[in-house]
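Structure, as structure tokens:
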Amino acid sequence: MRIAVPSKGRLREPAIELLQDAGLGPETPGDRALAFPCRNAPVEALLVRADDVPEYVQDGVVDCGITGLDIVRERGADVRELARLGFGACSLQAAVPEESPRRSLDDLRGARVATSFPRLARELLSEPIELVDVRGSVELAPRLGLADAIVDLVSSGSTLRTNGLRSLGTLLESEAVLIGPPEPCAEAVQLAGVFRSVVDARGTRYLMLNAPEHSLEQICALVPGSRAPSVLPLAEPGMVAVHSLIPAADVWRLLPELEAAGASSILLVPVERMLG
Ligand code: AMP
């Protein structure tokens with residue numbers, strides 16, 4: 001099977017790391033490599049520009065590919081999203097200079113909008129708008145008098161602020177995705193499942209703690225998630241061990257609360273895979 005992987009830019013390293021964490025054993029590619037094999041699976045990775053991945057998938061040159069959702073939507077390629085990959089998160093936002101009287105996305109009617117995402121801007125903004133097609137340094141366009149507003153990718157928002165721009169709102173939330181043709185091959189569907197199990201596991205921690213039996217109810221109420229935790233008796237009378245999966249994002253808030261509720265010997269370990 002062939003998979004297209006971004007050859008450079010911010011999606012390259014996390015994409016290769018995902019192949020690694022999925023257990024495929026990618027042979028570390030050199031800077032100039034165009035392709036690399038995997039040790040543990042009959043998978044060949046082709047390194048191509050993130051912008052070109054939808055085209056390669058659509059044309060059947062590869063069986064699937066990793067790229068940004070923004071790129072997939074902008075290209076309008078006839079491809080199917082097989083999995084969200086949990087990295088490369090950013091949003092496509094519209095922004096105006098601080099001093100602009102425009103306050104909302106609707107206020108962009110009649111504006112000149114500079115962007116390198118003309119298709120998405122047309123699709124997601126209310127007409128009429130005049131598009132100014134620019135490639136790089138989109139943020140400069142208003143200052144140069146080229147445009148009244150921009151539509152561009154934002155992650156932290158610091159580039160907007162540095163350039164004296166204020167966001168009017170988000171047009172699209174993006175992250176890296178695995179895409180395939182409308183009728184993907186069985187291997188691509190299987191790989192999507194493996195990637196999903198890795199992505200889910202990365203966002204999860206396995207929590208173990210000891211607690212007096214009388215605080216069990218309070219501790220179980222604190223542990224989020226739909227599944228009941230496992231409760232195991234300990235050799236010490238009146239004490240139990242509680243094991244549960246928790247979202248990694250909740251850890252910082254949860255640990256002090258669990259301690260305050262009487263939990264001790266709290267252990268938190270990473271999860272490698274989550275299936276089922
Ligand atoms: P690059 O090849 O580094 O230009 O990466 C382009 C892709 O990275 C974009 O199409 C997005 O999917 C993703 N990305 C994530 N965060 C950002 C960001 N702050 N600015 C631009 N692209 C981003």
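Just so we're clear, the structure is a prediction, and the values are computed from it rather than from any experiment. When a ligand or atom number is given, it counts from 1 through the structure's own listing order.
- A salt bridge does not link R119 with E123: none of the charged nitrogens is closer than 4.0 Å to a carboxylate oxygen.
- Considering only residues two or more places apart in sequence or on other chains, D59 meets the salt bridge (Lys or Arg N to Asp or Glu O under 4.0 Å) condition with none of them.
- Every atom of ligand 1 is numbered from 1 in the order shown, and the set under 4.0 Å from a heavy atom of G68 is 12 (O).
- Of the options D70, D51, I71, L153, the smallest heavy-atom separation from atom 12 (O) of ligand 1 is shown by D70.
- At most 12 non-hydrogen atoms from other residues, nucleotides or ligands lie less than 6.0 angstrom from CG of L34.
- Atom CD of E139 sits about 7.0 Å away from atom CG of L160, to the nearest 0.5 Å.
- Using a 4.5 Å cut-off between side-chain heavy atoms of Ile, Leu, Val, Met, Phe, Trp and Tyr, with links allowed through other members, V62 and L178 fall into different hydrophobic clusters.
- Note on residues 263-276: no pairs pass salt bridge (Lys or Arg N to Asp or Glu O under 4.0 Å), not counting sequence neighbours.
- The closest approach between A50 and ligand 1 stays at or above 4.0 Å for every heavy atom of the residue.
- In summary, the atoms of ligand 1 found under 4.0 Å from a heavy atom of G88, numbered by their order in the structure, are 15 (C).
- A salt bridge does not link E183 to R80: none of the charged nitrogens lies less than 4.0 Å from a carboxylate oxygen.
- Atom 4 (O) of ligand 1 is not flagged as protein-proximal [any protein heavy atom, distance under 4.0 Å].
- The pair E44-R2 counts as a salt bridge, with a side-chain nitrogen and a carboxylate oxygen less than 4.0 angstrom apart.
- Under 4.0 Å from ligand 1, the heavy atoms of A89 that appear belong solely to its backbone.
- In terms of protein heavy atoms, atom 6 (C) of ligand 1 is closest to R10 CG, 4.5 Å.
- Here the heavy atom of the protein found nearest to atom 2 (O) of ligand 1 is G9 CA, 3.5 Å.
- When heavy-atom distances to ligand 1 are checked against a 4.0 Å cut-off, L69 has no atom that comes that close, whether in backbone or side chain.
- Among protein heavy atoms, atom 16 (N) of ligand 1 sits closest to C90 CB, 3.3 Å.
- Closest to atom 19 (N) of ligand 1, if we only count protein heavy atoms, is S155 OG, 2.7 Å.
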